[in-house]
Peer 1: 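Below you'll find the structure I mean.
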Amino acid sequence: MKLLKKIEGDIMEQKYFDYKEIIAELIYSGVECQLDKDEIYKLLEYPPDENLGDLAFPCFKLSKVFKKAPIAIAKDMEGKIPSSSYIKRVVATGPYLNFWFAPEQLVENVLQQVLSSGERFGAQNIGDGRNIVIDFSAPNIAKPFHVGHLSSTVIGNSLYKIFEFLGFNCVGINHLGDWGTQFGKLITAYKKWGSRETVEKGLIQELMRLYVKFHEEAEKDPGLEDEAREWFNKIENGNQEALELWKWFKEISLEEFQRVYEVLEINFDSLAGESFYNDKIEAVVQELKAKNLLQESEGALIVNLDQYEMPPCLILKKDGSSLYATRDIAAALYRKKTYNFAQCLYVTGIAQSLHFQQWFKVIELMGYEWSKELVHIPFGWVNLEGEKLSTRKGKVVLLEDLLRETVKRTLEIIKEKNPGLEEKEEIAKEVGVGAVVFGALSVNRIKDVTFSWSEALNFDGETGPYIQYTHARACSILRKAGFKPDSSFDPHQLCNKEAIRLVKTIYLFPEKVVTAMKEYEPSIISRYLIVLAQEFNAFYHECQVLVNDEALQKARLVLVYAVKTILATGLRLLGIKAPERM
RNA sequence: GCGUCUGUAGCUCAGGGGAUAGAGCAACGGACUUCUAAUCCGUAGGUCGUAGGUUCGAUUCCUACCAGACGCGCCA
């Protein structure tokens with residue numbers, strides 16, 4: 001919470017041109033209303049209809065102060081607002097006091113800022129170099145990388161870029177699921193139904209086959225589960241055969257994951273997975289013991305959380321081996337020590353909410369104030385057209401297959417629509433992959449999604465390719481005009497409806513980036529980009545940019561440049577490429 | 001049983017105490033000799049799950065209920 005307060009404070013000092021700030025000042029200085037500037041600032045809202053004005057001050061709250069009807073108050077205030085070069089007019093409409101921005105000022109200020117900041121437009125130093133650890137992706141070794149892993153991977157990657165853009169120093173950690181009973185299961189299955197040759201040949205597909213086979217057989221013979229636990233126990237105790245198999249399976253998986261990360265162009269600062277904390281478990285158990293937090297229960301060691309209305313947090317199984325909460329606690333202690341994070345984010349499925357609540361509480365009970373800096377960033381489930389994904393049953397869509405299909409489809413479209421395009425394969429990759437990533441980031445994290453091939457391969461409407469296409473069109477205009485960013489242009493040339501609307505939307509970008517950070521919600525940016533692209537396309541159809549009128553063309557080019565720049569920045573924050581042609 | 005999340009147009013989703021609830025897809029009708037038609041314009045489509053409550057005002061907040069998804073000791 002400390003961090004959030006700090007962030008709030010910084011936002012008030014943002015360097016971006018801020019109409020709310022200006023209007024709050026005008027109201028504050030013109031009307032004696034017992035509200036301070038900050039309170040006025042927070043009441044200001046964007047009207048639902050552009051014909052009503054650009055910013056509105058609702059007067060309901062003042063009716064208690066003045067003991068008058070809000071409509072009368074608005075009317076009263078109308079004449080008391082000092083004039084300003086930024087504001088064209090102030091009109092009371094019902095209980096609202098509506099403000100119109102002076103268009104030339106707006107255009108001039110906003111576009112000059114984009115011209116001078118370029119792709120840094122929207123960037124701020126809110127973080128002041130503080131560290132943010134982001135734990136994301138974290139696929140399980142020996143299981144295929146499927147569409148269910150997409151959310152964590154792309155949400156985490158986008159948050160990384162958003163926080164970085166706002167001045168934080170990010171540490172991306174791929175907390176690989178490279179430890180735990182599933183390795184016992186895999187070794188059991190390997191010993192019974194696999195061989196060195198079949199694994200060498202089939203790689204992850206073979207590991208997956210063995211994993212599925214294990215669960216089929218375990219249905220009939222529950223004794224297999226015990227065998228699997230035994231093997232995992234051997235791994236934890238350093239049995240050589242078990243460790244070698246573990247290492248081998250891990251290498252096979254990592255190679256597979258790396259291929260996907262390369263396609264997505266995602267990098268991590270650390271690959272310290274669960275196994276990395278193996279030698280740090282004992283110290284955690286000792287510390288919990290020393291702090292009197294451990295209890296024995298049914299042979300296992302737990303932290304009782306009854307008084308917090310939560311089930312107990314399991315620390316050690318009755319056979320003495322660790323559980324994922326144990327490893328998460330060890331990892332958090334290590335990360336605090338190593339990175340001294342301002343926040344540590346965990347991007348995982350909503351199903352794990354209770355788990356995080358539990359061990360966050362354990363950290364708090366250990367006396368660490370920074371438990372407040374641990375944040376679970378949950379997201380909803382991915383279903384498979386009516387069915388649930390299940391690695392155990394082999395019911396999955398591999399991410400690699402999905403990406404290959406969308407790239408293939410993109411290439412077909414390019415060949416059909418733009419046969420002369422150079423480097424078709426490279427661009428098809430950027431667009432096809434972008435479609436998948438945008439699809440995953442365009443709705444609220446928390447929603448469950450149903451994966452559907454027809455939707456994944458549809459590139460019309462609110463999609464990644466739509467944004468990229470809009471960007472490519474803007475680039476095309478700038479290229480044809482030989483445009484170079486240059487701050488001399490006449491804002492009066494941009495006073496038509498489509499242009500003004502675009503400038504207002506551009507003006508909102510820095511605010512949207514901050515909201516996306518505060519809510520840990522990349523979809524704020526994807527939704528914004530859709531609106532920006534829609535408005536640009538309307539402008540594109542309505543207003544010819546390359547015209548004989550030099551002043552008009554120059555001004556419109558600046559606007560096109562600004563849109564193009566923000567589309568590119570926004571896509572970058574989502575982890576999506578912005579090709580200049582497609 | 002207890003708990004969490006979700007419920008808005010046929011479908012997928014925005015919005016989130018305040019002015020007439022918005023997009024996209026699908027459907028239908030238009031716009032390519034013109035800066036890339038992966039585009040644009042138009043038509044149609046809604047008791048914001050139900051019932052109460054708080055409020056000057058609720059689709060938004062609270063409570064209960066209904067529906068779906070998920071979670072609740074040795075998996076992660």
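We name chains A, B, ... by the order of the sequence lines, and we start the count at 1 in each one.
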Peer 1: Of the options B:C5, B:C40, B:U34, whose atoms approach the side-chain atoms of A:Ile446 most closely?
Peer 2: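 Of the candidates, B:C5 comes closest.
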Peer 1: Do A:Trp246 and A:Phe232 pass the ring-ring contact (aromatic ring centres under 6.0 Å, His included) test, and can you show the C-alpha distance, the side-chain angles, and the key distance before you say yes or no?
Peer 2: CA-CA 10 Å; A:Trp246 168 76; A:Phe232 176 56; 9.9 Å; no
Peer 1: Describe the nucleic acid contact of A:Pro58 in one word from base, sugar-phosphate, nothing, applying a heavy-atom distance below 4.0 Å.
Peer 2: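 Contact class for A:Pro58: none.
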Peer 1: Can you find a side-chain donor-acceptor pair between A:His149 and A:Asn140 that sits under 3.5 Å?
Peer 2: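 Judged by distance alone, the side chains do not pair up.
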Peer 1: A:Phe249 and ring-ring contact (aromatic ring centres under 6.0 Å, His included): which partner among A:Tyr190, A:Phe183, A:Tyr211?
Peer 2: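 Looking at A:Tyr190, A:Phe183, A:Tyr211, the match for A:Phe249 under the ring-ring contact (aromatic ring centres under 6.0 Å, His included) is A:Tyr190.
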Peer 1: Indicate whether OP1 or OP2 belonging to B:A38 is found under 4.0 Å from a side-chain N or O atom of A:Lys417.
Peer 2: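 It does, given that an N or O in the side chain of A:Lys417 lies less than 4.0 Å from OP1 or OP2 of B:A38.
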Peer 1: How would you label the contact of A:Val560 with the nucleic acid (heavy atoms, under 4.0 Å): base, sugar-phosphate, or nothing?
Peer 2: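 It contacts nothing in the nucleic acid.
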Peer 1: With a non-hydrogen cut-off below 4.0 angstrom, is A:Ile530 in contact with a base, only sugar-phosphate, or nothing?
Peer 2: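 No contact.
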Peer 1: With a 4.0 Å cut-off on heavy atoms, is A:Lys64 in touch with a base, just the backbone sugar-phosphate, or nothing at all?
Peer 2: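 Here A:Lys64 touches no strand at all.
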Peer 1: Scan A:Ala481 against the nucleic acid and name what it touches under 4.0 Å (heavy atoms): base, sugar-phosphate only, or nothing.
Peer 2: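 Nothing: the residue A:Ala481, judged by heavy atoms under 4.0 Å, touches no strand.
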Peer 1: When we call it a touch if two heavy atoms are under 4.0 Å apart, what does A:Met582 touch: a base, just sugar-phosphate, or nothing?
Peer 2: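 Contact class for A:Met582: base.
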Peer 1: Starting at the 5' end of RNA chain B, which residue's closest nucleotide do you reach first, A:Arg479 or A:Pro47?
Peer 2: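 It is A:Pro47 whose nearest nucleotide is closer to the 5' end.
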Peer 1: Would you indicate, yes or no, if B:A37 has its OP1 or OP2 atom less than 4.0 angstrom from a side-chain nitrogen or oxygen of A:Arg473?
Peer 2: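 Answer yes for this pair, as a side-chain N or O of A:Arg473 is under 4.0 Å from OP1 or OP2.
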Peer 1: From B:A69, B:A38, B:G73, pick the nucleotide closest to the side chain of A:Pro312?
Peer 2: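 For the A:Pro312 side chain, the nearest candidate turns out to be B:G73.
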Peer 1: When you measure from the centre of the six-membered ring of A:Tyr520, is the NZ or CZ of A:Arg445 closer than 6.0 Å and no more than 45° off the axis?
Peer 2: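 No, A:Arg445 and A:Tyr520 do not form such a contact.
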Peer 1: If you check the A:Phe60 side chain, which of B:C72, B:C56, B:C35 turns out closest?
Peer 2: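 Side chain of A:Phe60 sits closest to B:C56.
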Peer 1: Between B:A38 and B:C25, how many Å separate the two C1' atoms, rounded to a whole number?
Peer 2: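 Rounded to whole Å, the distance is 14 Å.
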Peer 1: Within less than 4.0 Å of OP1 or OP2 of B:A14, is there a side-chain N or O belonging to A:Asn444?
Peer 2: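 Checking A:Asn444 against B:A14: at least one side-chain N or O falls below 4.0 Å of OP1 or OP2.
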Peer 1: Given B:C40, is OP1 or OP2 found less than 4.0 Å from the side-chain N or O atoms of A:Tyr466?
Peer 2: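 Indeed, a polar side-chain atom of A:Tyr466 lies that close.
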Peer 1: What is the nucleic acid contact for A:Cys475, judged by heavy atoms within less than 4.0 Å: base, sugar-phosphate only, or nothing?
Peer 2: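 Result for A:Cys475 = nothing.
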Peer 1: Rounded to whole angstroms, how far apart are CD1 on A:Ile350 and P on B:G68?
Peer 2: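 Distance, rounded to whole Å: 18 Å.
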Peer 1: Nearest-nucleotide wise, let me know which of A:Glu45 and A:Gln357 is further upstream toward the 5' end of RNA chain B.
Peer 2: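 Final value for this comparison: A:Gln357.
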Peer 1: On the nucleotide B:A14, are OP1 or OP2 found under 4.0 Å from the side-chain N or O atoms that A:Lys447 carries?
Peer 2: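 Answer is yes, contact under 4.0 Å.
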Peer 1: Where the side chain of A:Ile302 is defined as all heavy atoms beyond and including C-beta, which of B:G73, B:C40, B:C35 is the nearest nucleotide?
Peer 2: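 Side chain of A:Ile302 sits closest to B:G73.
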Peer 1: Less than 4.5 Å apart, any side-chain heavy atom of A:Asn174 and any of A:Pro139?
Peer 2: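 A:Asn174 vs A:Pro139: side chains touch.
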Peer 1: Does a side-chain N or O from A:Ser476 land closer than 4.0 Å to OP1 or OP2 of B:U36, or not?
Peer 2: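 For B:U36, OP1/OP2 do have a side-chain N/O of A:Ser476 under 4.0 Å.
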Peer 1: For A:Glu217, is there an ion pair with A:Lys213 - N to carboxylate O distance below 4.0 angstrom?
Peer 2: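 Between A:Glu217 and A:Lys213 there is a salt bridge, with a charged N closer than 4.0 Å to a carboxylate O.
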Peer 1: Could you go step by step and tell me if A:Tyr466 and A:Asn537 meet the side-chain contact (heavy atoms from CB on, under 4.5 Å) rule?
Peer 2: CA-CA 10 Å; A:Tyr466 174 78; A:Asn537 283 315; 3.1 Å; yes
Peer 1: Dot-bracket notation for RNA chain B is requested: 5' to 3', Watson-Crick or G-U wobble pairs only, both distances under 3.5 Å, with ( ), [ ], | and . as defined.
Peer 2: (((((((..((((....[...)))).(((((.......))))).....(((((..]....))))))))))))....
Peer 1: If you check the A:Asn458 side chain, which of B:U39, B:U36, B:C25 turns out closest?
Peer 2: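 The answer is B:C25, which lies nearest to the side chain.
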Peer 1: Taking only the C1' atom of each, what is the distance from B:A23 to B:U36 in whole angstrom?
Peer 2: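 Between the two C1' atoms, the distance is 24 Å.
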Peer 1: Is A:Val443 touching bases, backbone alone, or none of the nucleic acid, heavy atoms closer than 4.0 Å?
Peer 2: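 The answer is sugar-phosphate, as A:Val443 gets under 4.0 Å only of primed atoms, P, OP1 or OP2.
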Peer 1: Has A:Asp549 got a side-chain atom pairing as donor or acceptor with A:Leu552's backbone, closer than 3.5 angstrom?
Peer 2: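 Confirmed, A:Asp549 side chain pairs with A:Leu552 backbone.
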Peer 1: Side chain of A:Ala538, heavy atoms from C-beta onward: which of B:C35, B:A19, B:C41 has the nearest atom to it?
Peer 2: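 Looking only at side-chain atoms, A:Ala538 lies closest to B:C41.
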Peer 1: Under 4.0 Å, heavy atoms only, any strand: does A:Gln534 hit a base, just the sugar-phosphate, or nothing?
Peer 2: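 Contact class for A:Gln534: sugar-phosphate only.
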Peer 1: What about A:Asn98: does its side chain form a donor-acceptor pair under 3.5 Å with the base of B:A19?
Peer 2: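 Per atom types, the contact qualifies.
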Peer 1: Produce the list of close N/O pairs, under 3.5 Å, pairing protein atoms with atoms of nucleotides 74-76 of chain B; give distances to one decimal.
Peer 2:
unit_1, atom_1, unit_2, atom_2, d
B:C74, O2, A:Lys318, N, 2.7
B:C74, N4, A:Glu298, O, 2.4
B:C75, OP1, A:Arg229, NH1, 2.8
B:C75, OP2, A:Thr181, OG1, 3.3
B:C75, OP2, A:Lys317, NZ, 3.0
B:A76, OP1, A:Arg327, NH2, 2.7
B:A76, OP2, A:Tyr324, N, 3.4
B:A76, O3', A:Glu274, OE1, 3.2
B:A76, O3', A:Glu274, OE2, 2.4
B:A76, N7, A:Tyr324, OH, 3.3
B:A76, N6, A:Tyr324, OH, 2.5
B:A76, N1, A:Tyr324, OH, 3.3

